[in-house]
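A, B, ... follow the sequence lines: proteins, then strands. Residue 1 opens every chain.
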There are 2 protein chains.
Amino acid sequence: MDNEPLINAIKTVVDMPDEDLSMLLSCVTRHELKKGQAVLEVGQVCRHFYFVDEGYLRTWYNKDGVVINLNFTFEKGFTSNLRSFKSRSPSEYTIEAGEKAVVYIFDWDKIAAQHIDLPLVALFVRRVAVRLLLASEEHSELFKIYTPAERYHFIEKNNPRLLQRISLSQLASYIGVTRETLSRIRSKN
Amino acid sequence: MDNEPLINAIKTVVDMPDEDLSMLLSCVTRHELKKGQAVLEVGQVCRHFYFVDEGYLRTWYNKDGVVINLNFTFEKGFTSNLRSFKSRSPSEYTIEAGEKAVVYIFDWDKIAAQHIDLPLVALFVRRVAVRLLLASEEHSELFKIYTPAERYHFIEKNNPRLLQRISLSQLASYIGVTRETLSRIRSKN
DNA sequence: TTACGCCTGTGACAATAATCACAATCGGCA
DNA sequence: TGCCGATTGTGATTATTGTCACAGGCGTAA
């Protein structure tokens with residue numbers, strides 16, 4: 001496997017020597033996804049985590065027939081469903097490509113079975129997990145602390161990529177409002 | 001130190017032999033708290049995690065003069081501010097006794113310095129951290145997915161202890177509504 | 001017992017967001 | 001170029017929640 005972005009991202013989390021790196025990479029596979037193609041479906045137990053090389057992954061939830069977006073992961077980002085993985089319970093979320101995408105899939109069980117004795121690999125996996133949880137917590141504090149308009153402006157300021165890449169309709173449920181309300185928030189500068 | 005609930009709680013997380021346990025317990029201190037007494041103040045960097053033996057701990061922050069409750073931790077529960085700890089940044093939250101309480105305080109840095117070579121102690125600490133993050137994520141998803149009334153009924157079903165121990169006024173901000181709205185939700189069965 | 005503080009319930013009204021309906025715009029693609 | 005479907009903007013109306021005000025209940029302490 002020869003992928004600079006992936007290797008750079010791993011080394012940013014834990015700067016490991018090539019021997020450890022190649023062991024880790026033996027548990028990773030590359031996948032090209034079409035828009036809408038899922039890496040994790042509702043009802044499956046999550047056994048992987050995902051690195052986005054191109055495109056983006058969208059985590060969403062179906063509430064009474066209405067799609068609610070919980071997360072968007074862009075290039076150089078990791079994502080997963082940690083709760084499903086940790087508790088070995090069926091995922092309530094789907095994780096799928098929001099557009100044509102290239103992702104690397106890390107096999108968590110395979111890493112645990114084969115390389116958990118490698119301290120740097122184990123550290124890498126733990127750090128990714130903690131980062132995912134802290135990121136999820138951060139997004140949720142938007143909801144606890146801010147009003148819908150404040151949430152939009154927070155994202156405008158702190159995560160403008162979202163506004164450039166995600167359609168208003170998709171963004172609305174991520175912010176926790178209807179698309180009409182988001183349109184009106186936006187029209188008021 | 002002789003405290004059954006604490007030892008049982010530790011062993012429920014990781015069933016370790018007495019040697020490891022006593023090393024871990026050397027980094028724990030017992031504290032009796034009055035109602036309102038804090039274990040972590042806004043602006044401090046969090047260096048501990050907390051086990052509740054009696055009473056409960058309340059995590060809250062001040063938004064424009066209004067108190068917003070983020071968490072209640074009852075007997076046999078652990079809590080902390082992981083973000084502050086992980087990033088060594090000042091806590092935005094206060095963690096204090098919601099009523100007269102007895103808590104055990106784990107010194108995270110001391111454990112890391114003295115006992116991180118003990119695999120079971122290290123495992124214990126990591127598991128507690130992951131559990132705290134998963135619990136926090138779970139509460140967050142209440143906000144992302146449910147309406148205020150649905151949140152109340154979710155708690156009614158999944159965490160009725162909260163309704164028994166926490167006053168309506170305190171619970172309201174935890175659910176993300178005013179106390180008047182919560183009172184009306186409750187009056188509609 | 002009474003007085004006081006704290007908590008809860010509720011009415012009236014204002015503010016905010018959802019819902020429904022439809023028009024306008026945009027971007028592929030024949 | 002012009003069509004078509006998807007997306008966005010916007011008005012009218014309804015539903016929900018917040019804000020303000022005040023009454024009543026409950027426990028504690030003088």
Side-chain angles (χ1 to χ4, degrees), chain A residues 34-37 55-56 58 60-70 72 96-101 140 142-156 160-189, chain B residues 34-37 55-56 58 60-69 72 96-101 142-156 160-189:
Chain A
K34 293 175 198 168
K35 176 174 177 172
Q37 198 175 341
Y56 69 88
R58 178 169 71 94
W60 59 275
Y61 168 89
N62 182 324
K63 188 198 177 186
D64 307 328
V66 178
V67 169
I68 298 182
N69 291 314
L70 295 175
F72 300 99
E96 66 175 45
E99 60 187 35
K100 194 166 168 297
S140 57
L142 274 181
F143 285 80
K144 294 181 191 170
I145 296 177
Y146 298 121
T147 64
E150 288 172 335
R151 285 174 221 156
Y152 178 80
H153 294 121
F154 182 91
I155 287 170
E156 212 171 20
R161 263 195 312 183
L162 273 179
L163 307 187
Q164 294 152 13
R165 305 255 320 247
I166 307 298
S167 75
L168 179 145
S169 299
Q170 293 291 317
L171 195 64
S173 68
Y174 180 80
I175 290 180
V177 295
T178 60
R179 55 168 201 82
E180 293 94 332
T181 299
L182 180 53
S183 173
R184 286 173 182 127
I185 288 171
R186 195 161 70 171
S187 71
K188 285 175 192 151
N189 302 351
Chain B
K34 293 174 199 169
K35 176 173 177 172
Q37 197 175 342
Y56 69 89
R58 178 169 72 94
W60 61 274
Y61 76 94
N62 182 321
K63 189 203 176 184
D64 307 329
V66 178
V67 169
I68 297 185
N69 292 313
F72 301 98
E96 66 175 45
E99 60 187 34
K100 194 164 169 297
L142 275 181
F143 285 79
K144 295 181 190 171
I145 294 176
Y146 299 121
T147 64
E150 288 171 334
R151 284 174 222 155
Y152 178 78
H153 293 121
F154 182 91
I155 286 169
E156 212 172 18
R161 261 194 314 185
L162 273 179
L163 308 188
Q164 294 153 13
R165 304 256 319 247
I166 307 298
S167 75
L168 180 144
S169 299
Q170 294 291 316
L171 195 64
S173 67
Y174 181 79
I175 289 180
V177 294
T178 60
R179 57 169 200 82
E180 293 92 336
T181 298
L182 181 52
S183 174
R184 283 169 186 130
I185 287 170
R186 197 160 70 170
S187 71
K188 285 176 192 150
N189 303 349

*Which nucleotide in D/dT10, D/dT7, D/dT17 has an atom nearest any side-chain atom of A/Ser167*: D/dT7

*asked:* Just to be sure I understand the rule, does B/Ser183 reach a base, reach only the sugar-phosphate, or reach nothing, if contact means heavy atoms closer than 4.0 Å?
replied: base

*NZ of A/Lys144 to NZ of B/Lys144: how many Å apart, nearest 0.5 Å?*
9.0 Å

*Report yes if a side-chain nitrogen or oxygen of A/Arg186 is closer than 4.0 Å to either non-bridging phosphate oxygen (OP1 or OP2) of D/dG9; otherwise report no.*
yes

_For atom CZ of B/Arg184 and atom P of D/dC20, their distance in whole Å_ = 14 Å

*How long is the line joining CG of A/Leu168 and P of D/dT10, in whole Å?*
12 Å

*Nearest whole angstrom, please: distance from the C1' of D/dT7 to the CG of A/Leu163.*
16 Å

*Distance, rounded to the nearest Å, where A/Tyr152 contributes OH and D/dT8 contributes C1'*: 13 Å

_What is the separation between atom NZ on B/Lys188 and atom C1' on D/dA15, rounded to the nearest whole Å?_
10 Å

*Where is the tightest heavy-atom contact between A/Ile68 and B/Ile145, given as atom of each residue plus distance?*
CD1-O, 4.1 Å

*Do the side chain of A/Ser169 and the main chain of A/Arg179 share a donor and acceptor less than 3.5 angstrom apart?*
no

*Name the residue closer to the 5' end of DNA chain C, choosing between B/Lys35 and A/Ala149 according to the nucleotide with the nearest heavy atom.*
B/Lys35

*Provide the start and end nucleotides, 5' to 3', of the part of DNA chain C that has atoms under 4.0 Å from heavy atoms of chain B.*
C/dT8 to C/dA12

*Rounded to the Å, how far apart are A/Leu182 CG and D/dT8 P?*
9 Å

*Taking the side chain from A/Arg58 and the backbone from A/Gly98, do they hold a donor-acceptor pair closer than 3.5 Å?*
no

_Among D/dG18, D/dG9, D/dA21, the one nearest A/Arg179 by side-chain distance_ = D/dG9

*Nearest-Å distance, CD (A/Glu150) to P (D/dG18)?*
14 Å

_Distance, rounded to the nearest Å, where A/Glu99 contributes CD and D/dA6 contributes P_ = 18 Å

_Give me the atom names and distance for the closest heavy-atom approach of B/Asn69 to B/Gln170._
ND2-O, 2.8 Å

*Could you tell me how the ring of B/Tyr174 sits relative to the ring of B/Phe72: parallel (under 30°), tilted (30 to 60°) or perpendicular (over 60°)?*
tilted

_A quick test of your reading: do over 12 heavy atoms of other residues, nucleotides or ligands sit less than 6.0 Å from NZ of B/Lys63?_
yes

